[in-house]
Trainee: 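Below is one structure. I have some questions about it.
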Amino acid sequence: MYKGKYYQPQEPPKAPNQETEQKKKKFFRKPRISTIIFYAFYILLIVAFFVGTRKITVPLKDWLIRYEASQPEKKCEEVFEALFSDPDWEQLYSLAGIEDTAYEGSEAFVTYMEAKASGKEITYVETSAGLSGDHKYIVKLGGEKIGTFTLTGGAESQTEIPEWELGKVELFFTRTESVLVEKLPGYTVSVNGVALDDSYTIRTVTTGAEKYLPEGLHGYRLEVQTISGFLIPPEVTVTDENGNSVAMNYDAESKSYTLPQVTMEMTENEQSFVQNTLETFAKYMIKAASKKDLARCCVPNSEVYNTISTIDRWMQDYRGYHLSDIVYSNFYRYSDTLFSVRAAMTNSVTRNDGTVKDYEMDYTLFFTLDSNGNWLLSDMTQVDISQQTEQVRLTFLNGETVLDTFFVDTTSKTLTLPSVTVPEGKVFSGWALQKKDSNGKITMTIVFKPDETNTVILSDAKLEPMTLYALFEKGEA
């Protein structure tokens, strides 16, 4: 065989390396059963570790979340947000266990608090709950304390999740609204739909006309009733004896309802009868008119006619007389058939010697309408029957106990007060007015200091209706 110059003999193939072959065989040989079991178990352990860790950490995380959420610092925030961030005042009224009064309920409270809280921030701060173990929080509206709430509960051990729950809710407010109402006797005042009885009457006004009037008719009379302890101004209605509504005037500043002013005016016809009667009386007293003239002006067989017709006359003889114009005042109409008026006139009589004697005539005259439409004199007096007699109620309390309540003339000069038992270690300082401001702070002002007989001498100032409290102070050791 030809072999060129580039011919290179090929090396004969090497025989396989025995050691390498053995290594290859060792590497690729099938794993033993024990190895498989080991690694399978190892892998299972790893999986079990992660699964077990997850099973432990998830509940632990939940426990920690619940534990954190149950802490009072967190719970109080939760309770405050639920109750006061956007307060349901009616719900809070119920939670606080506030009882309705006879005149107001939750609706008035809601109206009061909504107006009070408008535009103001509500906050809270923790305070001491004493030895109860509870947590207590003060709720403030602006800077004013309006309530508290407590958290009660806890846990018996450090690891047990505490169960803090809403405990007691308190709300603080003062019922400062009051109202004053005028009425006539027989009228009924209703406040928020509840009728007031006579115990709420604090002032009465009468005149001297009563004793000159027939039964069933009355002169000027007035009663004043008052009631306090409202959150908002109450609704007031007044009805007459027949249940008809009476229009009232309301003054927001004084918080009072007053009766409309009734202007009574004498008609020209009525005035003409009064003028004729008084002039006839003046003439009769100087024999310028007869008994028959006088009788035509009076109710037949009346006491007033019998009295005038039998009194001594002023003058038997004279040169002349002059009647002045009549001045009318204090006209009052009691009914369609009875009125009174004060009439004043001067009868200037010229004596025979030329001197003049003035006879002043100033009377309150009562006129009754007869069946013919004539007004006839039925009574007369020189007393000013328009003079008012005013009485006011004084109420005396020892704590919450009413010791006495009665009416007294406003012009009284002395007053006998009820006796009171003085507690041991105290001295009686006197009877005091109690004033409570919008925050509930009470101020006591002594009005009466009675002597050992429980009597006081009053000043010239008119008495006013008062509720007075027995004031005791610490005695000397």
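Index from 1, following the sequence.
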Trainee: Taking the side chain from T111 and the backbone from E107, do they hold a donor-acceptor pair closer than 3.5 Å?
Mentor: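 Checked: pair present.
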Trainee: Give a yes or no on whether the backbone of V179 and the side-chain of T226 come within a donor-acceptor separation of less than 3.5 Å.
Mentor: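 Between the backbone of V179 and the side chain of T226 there is a qualifying donor-acceptor contact (under 3.5 Å).
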Trainee: Taking salt bridge (charged side-chain N to carboxylate O under 4.0 Å, His left out) as the test, write out the residues that go with K449, two or more places apart.
Mentor: none
Trainee: With sequence neighbours excluded, give me every side-chain hydrogen bond (donor to acceptor under 3.5 Å, both in side chains) pair touching residues 178-193.
Mentor: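 Qualifying pairs, neighbours excluded: K183-E223.
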Trainee: Determine, for F428 and K426, whether the Lys NZ or Arg CZ falls below 6.0 Å from the six-membered ring centre while staying within 45 degrees of the axis.
Mentor: no
Trainee: Going through the distances and angles, do V299 and V304 end up as a side chain to side chain contact (heavy atoms under 4.5 Å, CB included)?
Mentor: CA-CA 8 Å; V299 172; V304 65; 5.9 Å; no
Trainee: Is any side-chain heavy atom of F366 closer than 4.5 Å to a side-chain heavy atom of I385?
Mentor: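 Yes, at least one pair of side-chain atoms sits under 4.5 Å.
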Trainee: Only one of F339, W375, F331 clears ring-ring contact (aromatic ring centres under 6.0 Å, His included) with F367; which?
Mentor: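 By the ring-ring contact (aromatic ring centres under 6.0 Å, His included) criterion, F367 pairs with just one of F339, W375, F331: F339.
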Trainee: With sequence neighbours excluded, tell me which residues meet side-chain hydrogen bond (donor to acceptor under 3.5 Å, both in side chains) with Y334.
Mentor: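 Here the qualifying residues are S340.
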Trainee: Could you please spell out the steps behind the side chain to side chain contact (heavy atoms under 4.5 Å, CB included) verdict for I227 and V181?
Mentor: CA-CA 9 Å; I227 184 171; V181 188; over 6 Å; no
Trainee: After noting the C-alpha distance and the side-chain angles of Q275 and Q271, does the key distance pass the side-chain hydrogen bond (donor to acceptor under 3.5 Å, both in side chains) rule?
Mentor: CA-CA 6 Å; Q275 180 178 350; Q271 183 175 320; 5.0 Å; no
Trainee: Would you mind listing every side-chain hydrogen bond (donor to acceptor under 3.5 Å, both in side chains) that reaches into residues 400-411, with sequence neighbours excluded?
Mentor: Q391-D409, R393-T405, T395-T405
Trainee: Any donor and acceptor pair, going by atom type alone, linking the side chain of T346 with main-chain N or O of S348 inside 3.5 Å?
Mentor: no
Trainee: Quick check: do L83 and V139 have side-chain heavy atoms less than 4.5 Å from each other?
Mentor: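 No - every pair of side-chain heavy atoms lies 4.5 Å or more apart.
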Trainee: Testing V238, V189, T237 one by one against M248 for a side chain to side chain contact (heavy atoms under 4.5 Å, CB included), which residue passes?
Mentor: V238
Trainee: Is it the case that the side chains of T267 and E270 hold a donor-acceptor pair, with the cut-off being a distance below 3.5 Å and no angle test?
Mentor: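 Yes, a side-chain donor-acceptor pair sits under 3.5 Å.
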Trainee: Do E144 and K120 meet the salt-bridge criterion of a basic N to acidic O distance under 4.0 Å?
Mentor: no
Trainee: For the residue pair L397 and Q434, establish whether any side-chain heavy-atom pair is separated by less than 4.5 Å.
Mentor: no
Trainee: Without placing hydrogens or testing angles, list every side-chain donor-acceptor pair under 3.5 Å for residues 464-473, not counting sequence neighbours.
Mentor:
unit_1	atom_1	unit_2	atom_2	d
E464	OE1	R203	NH2	2.7
E473	OE1	S429	OG	2.7

Trainee: For F109, enumerate each residue passing the ring-ring contact (aromatic ring centres under 6.0 Å, His included) test, keeping only those at least two apart in sequence or located in another chain.
Mentor: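 With neighbours one apart ignored, the set is Y93, F173.
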Trainee: To the closest 0.5 Å, what do you measure between CZ (R175) and OH (Y103)?
Mentor: 12.5 Å
Trainee: Check whether S412 reaches the backbone of T414 with its side chain - one donor and one acceptor, N or O, closer than 3.5 Å.
Mentor: no
Trainee: Do V392 and K462 make a side-chain contact, defined as non-hydrogen atoms from C-beta onward lying under 4.5 Å apart?
Mentor: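 In short, these two side chains do not touch, never coming nearer than 4.5 Å.
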Trainee: Backbone N or O of S309 within a donor-acceptor pair of the Y284 side chain at under 3.5 Å?
Mentor: yes
